[in-house]
*Asks:* 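Okay, here's the structure, questions in a sec.
For the single chain, residues carry numbers from 1 onward in sequence order. Atoms within each ligand, like the ligands themselves, are counted from 1 in listed order.
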Amino acid sequence: MSLSGLFISFEGIDGAGKSSHIETLANAFRAQGRTVVTTREPGGTPLAEKLRNLLLNDSMDALTEALLVFAGRRDHLCTVIEPALTRGAVVLCDRFTDATFAYQGAGRGFSLETLSFLEHIAQTGVALEPDLMREPDLTFWFELNPAIAAQRLSQARAPDRFEAQDLAFFERVAQGYSLRAAEAPERFVRLDAAQERHQVWQQLQQVLVRKGLLPTTAAQSGAPS
Ligand code: TYD
């Protein structure tokens, strides 16, 4: 029996702690015999990683920023994500289009209408069904109070262009994620990222067990200490 591909994205404001769970989840799926591709945005291909470098370091106007984000996403979808899904792999992507609506849209105040248009042209025509707009099957949204996230980030490495933004920016980004979640409640799973790391993992794995995507024992064996 061939397995169908599964596309999961991980979202949240900077400092919410999403990245640390991706490798753990990849191992839990691999223990089930699944092929797993872990990737990220901006980036995920040689071309898109070059664009990431520009996005995180060079100043530019909001439309340029949005166009670069979607250019990288198109390349990522065509050359990595879609082929992996076609092979039946599990694709775990650290951020995807919800981040664009949250950061460029809510954070920067860029037109949501234009972002929706770009989303449609960049994400359609890559799948076998020509009219399908490719989106994650499931999105884990790590929700954390922006003030707590800022405190966590202040102990981390030198901030990039986004991480250097003020608290008000991240409050808008957080609001942007809430809006996206409200628009797609069947796709979004909210996790309380204020909890301890192992508790956040428990929330995440319980959802996957409930959805029949991981068996209880496999999920437990992948738990972080
Ligand atoms: P991030 O996952 O935080 O990378 P790292 O953990 O290495 O810092 O992503 C980098 C930044 O890019 C993050 O601040 C959010 C921003 N971003 C956008 O502004 N728009 C997007 O569409 C995406 C995917 C990310």
Side-chain angles (χ1 to χ4, degrees), residues 7-26 38-45 47-77 80-81 91-112 114-123 133-136 139-144 146 148-150 152-177 179-180 188 191 193 197 200:
F7 181 16
I8 304 180
S9 63
F10 298 75
E11 297 282 1
I13 57 173
D14 290 273
K18 63 190 163 41
S19 305
S20 62
H21 292 284
I22 296 178
E23 227 16 75
T24 311
L25 183 57
T38 58
T39 187
R40 69 171 182 182
E41 290 211 351
T45 70
L47 186 149
E49 288 290 329
K50 287 184 198 161
L51 297 179
R52 175 189 175 95
N53 202 23
L54 296 174
L55 280 162
L56 298 191
N57 298 302
D58 293 21
S59 53
M60 60 191 80
D61 92 306
L63 175 60
T64 309
E65 192 171 291
L67 291 171
L68 290 188
V69 164
F70 277 109
R73 183 160 298 137
R74 176 78 185 177
D75 189 55
H76 193 202
L77 273 172
V80 173
I81 296 175
V91 176
L92 304 181
C93 192
D94 193 343
R95 299 191 185 282
F96 199 65
T97 306
D98 300 309
T100 315
F101 279 83
Y103 281 77
Q104 279 66 48
R108 295 251 195 258
F110 187 67
S111 159
L112 297 181
T114 306
L115 292 181
S116 293
F117 170 72
L118 292 174
E119 177 186 32
H120 273 89
I121 57 171
Q123 293 171 218
M133 185 181 88
R134 177 58 74 190
E135 287 187 286
T139 297
F140 285 111
W141 169 36
F142 291 69
E143 196 188 22
L144 184 64
I148 299 175
R152 286 188 187 173
L153 275 182
S154 66
Q155 288 140 23
R157 65 198 186 288
D160 62 37
R161 254 179 90 231
F162 296 101
E163 289 163 348
Q165 296 291 323
D166 61 13
L167 190 58
F169 176 85
F170 285 106
E171 278 164 355
R172 291 196 298 278
V173 172
Q175 191 58 32
Y177 275 124
L179 277 175
R180 282 289 276 186
F188 262 82
L191 302 176
R197 185 167 133 66
V200 177

*Asks:* Hey, are the side chains of L55 and M60 touching, using non-hydrogen atoms and a 4.5 Å cut-off?
*Replies:*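 Side chain of L55 against side chain of M60, heavy atoms only: contact under 4.5 Å found.
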*Asks:* Any idea which protein heavy atom is nearest atom 23 (C) of ligand 1, and the distance to it?
*Replies:* A99 CB, 3.6 Å
*Asks:* Within a strict 4.5 Å, meaning less than it, do heavy atoms of the L118 and Q104 side chains meet?
*Replies:* no
*Asks:* Report the nearest protein non-hydrogen atom to atom 16 (C) of ligand 1: residue, atom name, distance rounded to 0.1 Å.
*Replies:*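 Here the closest protein heavy atom is F162 CD1, 3.7 Å.
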*Asks:* Under 4.0 Å, heavy-atom basis, I'd like to know which part of E11 is in contact with ligand 1: side chain, backbone, both or neither.
*Replies:* neither
*Asks:* Using the side-chain contact (heavy atoms from CB on, under 4.5 Å) rule, take T139 and F96 through it: C-alpha gap first, then chi angles, then the decisive distance, then the call.
*Replies:* CA-CA 9 Å; T139 297; F96 199 65; over 6 Å; no
*Asks:* For atom 20 (N) of ligand 1, what's the nearest protein heavy-atom neighbour? Residue, atom name and distance, please.
*Replies:*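 In this structure, atom 20 (N) of ligand 1 has Q104 OE1, 2.8 Å as its nearest protein heavy atom.
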*Asks:* Checking a contact table here: which protein heavy atom is nearest atom 11 (C) of ligand 1, and how many Å away?
*Replies:*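 It is L56 CD2, 3.7 Å.
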*Asks:* Write down the atom of K18, the atom of F10, and the distance for their closest heavy-atom approach.
*Replies:* CD-O, 3.6 Å
*Asks:* Applying the side chain to side chain donor-acceptor pair (under 3.5 Å) criterion to T97, which one of E119, Q123, E11, E41 satisfies it?
*Replies:*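 Going through the options one by one, the only one that passes is Q123.
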*Asks:* Of all the atoms in ligand 1, which lie at a distance below 4.0 Å from a heavy atom belonging to V69?
*Replies:* 22 (O)
*Asks:* Is the shortest side-chain heavy-atom distance between E65 and Y103 below 4.5 Å?
*Replies:*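 A side-chain contact is absent here, since even the closest heavy-atom pair is not under 4.5 Å.
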*Asks:* Only heavy atoms count here, so choose which of R52, R40, E163 is nearest to atom 7 (O) of ligand 1.
*Replies:* R52
*Asks:* Compute the shortest N/O to N/O distance between S19 and ligand 1 and return yes if it is under 3.5 Å, no if not.
*Replies:*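 In this structure, S19 places no N or O atom under 3.5 Å from an N or O of ligand 1.
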*Asks:* Pull out every atom of ligand 1 sitting under 4.0 Å from any heavy atom of D14, numbered as shown with elements.
*Replies:*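 Per the distance check, 3 (O), 13 (C), 14 (O).
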*Asks:* Looking at R73, which atoms of ligand 1 are within less than 4.0 Å of one of its heavy atoms?
*Replies:*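 This gives 22 (O), 24 (C) as the contact atoms.
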*Asks:* As an exercise, identify every atom of ligand 1 less than 4.0 angstrom from a heavy atom of K18.
*Replies:*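 Atoms satisfying the 4.0 Å criterion: 2 (O).
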*Asks:* Does any non-hydrogen side-chain atom of E49 lie less than 4.5 Å from one of R40?
*Replies:*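 Yes, at least one pair of side-chain atoms sits under 4.5 Å.
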*Asks:* C93 and H76: which non-hydrogen atoms are nearest, and at how many Å?
*Replies:* SG-CE1, 3.8 Å
*Asks:* Under the 3.5 angstrom rule, does the side chain of R172 hit a backbone N or O of G107 as a donor-acceptor pair?
*Replies:*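 Checking the backbone N and O of G107 against the side chain of R172, a donor-acceptor pair under 3.5 Å is found.
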*Asks:* Looking at F140 versus H21, is the centre-to-centre ring distance below 6.0 Å?
*Replies:*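 Between F140 and H21, the centre distance exceeds or equals 6.0 Å.
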*Asks:* How far is atom 22 (O) of ligand 1 from its nearest protein heavy atom, and which residue and atom is that?
*Replies:* T100 OG1, 2.6 Å
*Asks:* Scan side-chain atoms only and decide if R73 and T100 contain a donor-acceptor pair under the 3.5 Å cut-off.
*Replies:*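 Side chains of R73 and T100: pair found under 3.5 Å.
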*Asks:* Among all protein heavy atoms, pick out the one at the shortest distance from atom 1 (P) of ligand 1; state its residue, atom name and that distance to 0.1 Å.
*Replies:*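 It is R95 NE, 3.3 Å.
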*Asks:* Quick test: of every protein heavy atom, which one is nearest to atom 17 (N) of ligand 1, and how far off is it to 0.1 Å?
*Replies:*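 Minimum-distance protein heavy atom for atom 17 (N) of ligand 1 reads P42 CD, 4.2 Å.
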*Asks:* Starting from atom 5 (P) of ligand 1, find the nearest protein heavy-atom neighbour and note its residue, name and distance.
*Replies:*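 Going atom by atom, the protein heavy atom closest to atom 5 (P) of ligand 1 ends up being R157 NH2, 3.5 Å.
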*Asks:* List ligand 1 atoms under 4.0 Å from E41, heavy atoms only on the residue side.
*Replies:* 24 (C)
*Asks:* For ligand 1, is there an atom lying under 4.0 Å from some heavy atom of R161?
*Replies:* no
